[in-house]
Peer 1: 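Below are the C-alpha cells for one structure; questions will follow.
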Amino acid sequence: QVQLVESGGGLVQAGGSLRLSCAVSGSIFSINDLGWYRQAPGKQRELVATVTSGGSTNYADSVKGRFTISRDNAKNMVYLQMSNLKPEDTAVYYCNMQGFPTSATRVKYIYWGQGTQVTVSS
C-alpha cells in the first residue's frame with residue numbers, strides 16, 4: 001500500500017522559514033509528478049508547487065520567489081523549502097503524488113498525504 005507521510009510543519013513567525021518533507025513508501029512502479037497543496041480554513045485546497053520526474057517545477061504566483069520544491073528520486077522524497085513566510089501561508093499542507101502502481105496500470109493514480117499544519121504568526 002502506497003503511503004505519503006509529511007513532516008516539518010509547525011509554528012513560525014512571519015519572515016521565518018520552514019522545510020516540509022514528504023516520504024513516499026510502499027510498492028509503486030512509477031512516480032510521475034510530486035507536489036504540495038495547501039488548504040486554509042474555509043478555503044478550497046490549492047496548488048502550491050509541483051515538480052515533474054524530470055525536475056521541471058511549477059509554482060503558484062503567491063509563493064514564487066519564496067518557496068522551492070525539490071525531489072530526491074533515489075529516496076522517494078519531495079521537499080518544500082519555505083522562506084519569508086507570511087500569515088496568509090497558514091494552512092494544512094498536503095503532499096501529492098501521481099504515478100502508476102504497476103507496470104500494467106494504464107490510468108495514473110493520485111495519492112495524498114494526511115497533511116501537516118503550518119501556522120505563521122504576525
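Numbers for residues simply follow the sequence, beginning at 1.
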Peer 1: Which atom names give the shortest non-hydrogen contact between Pro101 and Gly99, and what distance separates them?
Peer 2: CD-O, 3.8 Å
Peer 1: Is there a side-chain contact between Leu20 and Glu6, using heavy atoms and a 4.5 Å cut-off?
Peer 2: no
Peer 1: Between Gln39 and Ala91 (side chain of the first, backbone of the second, donor and acceptor by atom type, cut-off under 3.5 Å), is there such a pair?
Peer 2: no
Peer 1: How long is the gap from OG1 on Thr116 to CD on Gln114, to the nearest 0.5 Å?
Peer 2: 7.0 Å
Peer 1: In this structure, would Met82 and Val12 fall into the same cluster of hydrophobic residues linked by side-chain contacts under 4.5 Å?
Peer 2: yes
Peer 1: Taking the side chain as every heavy atom from C-beta outward, state whether Asn96 and Gln98 have any pair of such atoms under 4.5 Å apart.
Peer 2: yes
Peer 1: Any link between Leu47 and Val92 through a network of hydrophobic side chains (Ile, Leu, Val, Met, Phe, Trp, Tyr) touching at under 4.5 Å?
Peer 2: yes
Peer 1: Kindly state each residue pair satisfying disulfide (SG to SG under 2.5 Å) with at least one member in residues 31-89, sequence neighbours excluded.
Peer 2: none
Peer 1: Identify all side-chain donor-acceptor contacts of residues 64-78 below 3.5 Å with residues at least two apart in sequence or on another chain.
Peer 2:
residue : atom : partner : partner atom : Å
Lys64   : NZ   : Asp61   : OD1          : 3.1
Arg66   : NH1  : Asn84   : O            : 3.0
Arg66   : NH1  : Asp89   : OD2          : 2.8
Arg66   : NH2  : Ser62   : O            : 2.8
Arg66   : NH2  : Asp89   : OD1          : 3.0
Arg66   : NH2  : Asp89   : OD2          : 3.4
Arg71   : NE   : Asn73   : OD1          : 2.7
Arg71   : NH1  : Asn32   : O            : 2.7
Arg71   : NH1  : Val51   : O            : 3.2
Arg71   : NH1  : Thr52   : O            : 3.1
Arg71   : NH2  : Asn32   : O            : 3.3
Arg71   : NH2  : Asn73   : OD1          : 3.2
Asp72   : OD1  : Ala74   : N            : 3.1
Asp72   : OD1  : Lys75   : N            : 3.2

Peer 1: Roughly how far apart are Leu11 CG and Thr119 OG1, rounded to 0.5 Å?
Peer 2: 6.0 Å
Peer 1: Give the cluster check for Leu4 versus Phe29: same hydrophobic cluster or not, with ILVMFWY residues linked at side-chain heavy-atom distances below 4.5 Å.
Peer 2: no
Peer 1: I need the Ser27 OG to Gln1 CD distance, nearest 0.5 Å.
Peer 2: 12.0 Å
Peer 1: Enumerate the disulfide (SG to SG under 2.5 Å) contacts for residues 19-96, please, sequence neighbours excluded, ordered by first and then second residue.
Peer 2: Cys22-Cys95
Peer 1: Does any non-hydrogen side-chain atom of Tyr111 lie less than 4.5 Å from one of Val24?
Peer 2: no
Peer 1: Can you tell me how far OG1 of Thr102 sits from OH of Tyr109, rounded to the nearest 0.5 angstrom?
Peer 2: 7.5 Å
Peer 1: Sort out for me which residue in Tyr94, Trp112, Tyr93 forms a ring pair (Phe, Tyr, Trp, His ring centres under 6.0 Å) with Tyr37.
Peer 2: Trp112
Peer 1: Quick check: do Gln117 and Thr90 have side-chain heavy atoms less than 4.5 Å from each other?
Peer 2: yes
Peer 1: Could you walk me through whether Arg38 and Val63 pass side chain to side chain contact (heavy atoms under 4.5 Å, CB included), step by step?
Peer 2: CA-CA 12 Å; Arg38 66 187 182 187; Val63 307; 4.0 Å; yes
Peer 1: Provide the closest heavy-atom pair for Ser122 versus Pro87 in the form atom of the first, atom of the second, distance.
Peer 2: CB-CG, 3.8 Å
Peer 1: In the structure I gave you, are the side-chain heavy atoms of Ile28 and Met97 within less than 4.5 Å of one another anywhere?
Peer 2: yes
Peer 1: How far does OH of Tyr59 sit from CH2 of Trp36, to the nearest 0.5 angstrom?
Peer 2: 12.5 Å
